There are 2 protein chains.
Amino acid sequence: MSEATMTIREMCDTYDVTPRTLRFYESKELLFPIREGQRRLFTKRDRARLQLILRGKRFGFSLEEIRQLLELYDIGDQQHTQIAKTYEVARQRLADMERQRDELTETIADLKEQLKWGERFVASMNKPKRAAE
Amino acid sequence: MSEATMTIREMCDTYDVTPRTLRFYESKELLFPIREGQRRLFTKRDRARLQLILRGKRFGFSLEEIRQLLELYDIGDQQHTQIAKTYEVARQRLADMERQRDELTETIADLKEQLKWGERFVASMNKPKRAAE
DNA sequence: GACATACTTGACGTTGACGTAAGGCGTACG
DNA sequence: CGTACGCCTTACGTCAACGTCAAGTATGTC
């Protein structure tokens, strides 16, 4: 059974990040590891948040934007104040992401179209006029 | 009818970028405006490339990555050498983008799920136990 | 000729997201 | 006891993608 908390090294190995990155995220208030003496212990909540951070980054969100998104996820768990406002932020983000997805879908189609060209061309290079062997 | 070339200012107004950005892209070999004396003239090809640059940026591609993508688009037009290699780069990019799209779709679904919570909560805040007025 | 304007080329500044190096603390081992 | 880890903080370094500022050139225009 997985332990309740993880050390910084376990975190690094698990999620393929450096200690510096985790400390940096803490300093930016994206993670809130507890302390045992002077050492950090990362909870299940920190791990869930880190996964969302890494995912967000892959979409080009800035850390500050991700921090706002994380606020929303917290609200899902523990009902908080300021819900209406943060809710608006989230609707906004969601609309952005849907636009981005649609545009991405379109670009993929474009690119596939271009690749047809390359495909026929590459194929013709591998097949001389008449096959030998 | 649109002229064959555009000045740097026309480009800036059309695509909402700064002169500095266009010169920077030229220095990085993303654009190749011709010269009339010392001034730049941007061709139709430059405009097509700029659109792809701006689109690429929205997906978080680096300028260097975009430069590689642009090479591919050139191949679609004027058949070039090194096709097989660049073709491979493109298949790679395409796979990346499809993975990214799928993940984005999933994240959107997650986020919508969270928002249902917020929605019910916000609704309950606007409706006290029994309506007054 | 003086001036405005539109463009040019350096060159240094800025921001975000860390990398990296220096020096200190606490425990564990030989 | 020394020293070897593993972690800590502080602080300066780096890279991409431009912004910003200074100084120069060509063209028109009063």
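All chains are named by letter (A, B, ...) in the order of the sequence lines, taking the proteins before the strands, and each is independently numbered beginning at 1. Just so it is clear, the structure is predicted and the values come from calculations on it, not from any experiment.
Remark: B/T21 is in phosphate contact with D/dG19, judged by side-chain N or O atoms under 4.0 Å from OP1 or OP2. Within the structure, every side-chain polar atom (N or O) of A/R20 is placed at least 4.0 Å from both OP1 and OP2 of C/dT20. For B/R39 and C/dA6, the shortest distance from a side-chain N or O to OP1 or OP2 is not below 4.0 Å. A/T18 has a side-chain polar atom (N or O) that falls below the 4.0 Å cut-off from OP1 or OP2 of C/dG19. For D/dC18, one of the phosphate oxygens OP1 or OP2 lies less than 4.0 angstrom from a side-chain nitrogen or oxygen of B/Y25.
The shortest distance between side-chain heavy atoms of A/L69 and A/L52 does not fall below 4.5 Å. Side-chain contact between A/Y15 and A/L22 is absent, with no heavy atoms from C-beta onward closer than 4.5 Å. Side-chain contact between A/L50 and A/T14 is absent, with no heavy atoms from C-beta onward closer than 4.5 Å.
If you measure from atom CZ of B/F61 to atom C1' of D/dA16, you get 17 Å, rounded to the nearest angstrom. Atom C1' of nucleotide D/dC7 and atom CZ of A/R23 are separated by 7 Å, given to the nearest angstrom. The interatomic distance linking A/F24 (CZ) with C/dT20 (P) rounds to 15 Å, in whole Å. Separating the CD1 atom of A/I66 from the C1' atom of C/dC18 is a distance of 14 Å, rounded to the nearest angstrom. Straight-line distance from the CG atom of B/L41 to the P atom of C/dA6: 16 Å, rounded to whole Å. As rounded to whole Å, 16 Å separates atom P of D/dG6 from atom CE of A/M6. Rounded to whole angstrom, the span from the CZ atom of A/R40 across to the P atom of C/dC25 amounts to 17 Å. Rounded to an integer number of Å, the gap from B/K57 NZ to D/dA17 P is 7 Å.
Against DNA chain C, the stretch residues 28-36 of chain B makes heavy-atom approaches under 4.0 Å through B/R35.
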Could you walk me through whether A/D46 and A/T5 satisfy the side-chain contact (heavy atoms from CB on, under 4.5 Å) test, starting with their C-alpha distance in whole Å, then the side-chain angles of each, then the deciding distance to 0.1 Å, before giving a yes or no? CA-CA 9 Å; A/D46 290 314; A/T5 63; over 6 Å; no
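For A/L63, counting side-chain heavy atoms from C-beta on, the closest listed nucleotide (C/dT8, C/dC18, D/dG6) is C/dC18.
Salt bridge annotation for B/R39-B/E10: absent, with no cationic side-chain nitrogen under 4.0 angstrom from a carboxylate oxygen. Between A/E26 and A/R23 there is no salt bridge, since no side-chain nitrogen of the basic residue lies less than 4.0 Å from a carboxylate oxygen of the acidic one.
In terms of hydrophobic clustering, with Ile, Leu, Val, Met, Phe, Trp and Tyr side chains grouped at heavy-atom distances under 4.5 Å, B/F42 and B/L54 are assigned to a common cluster.
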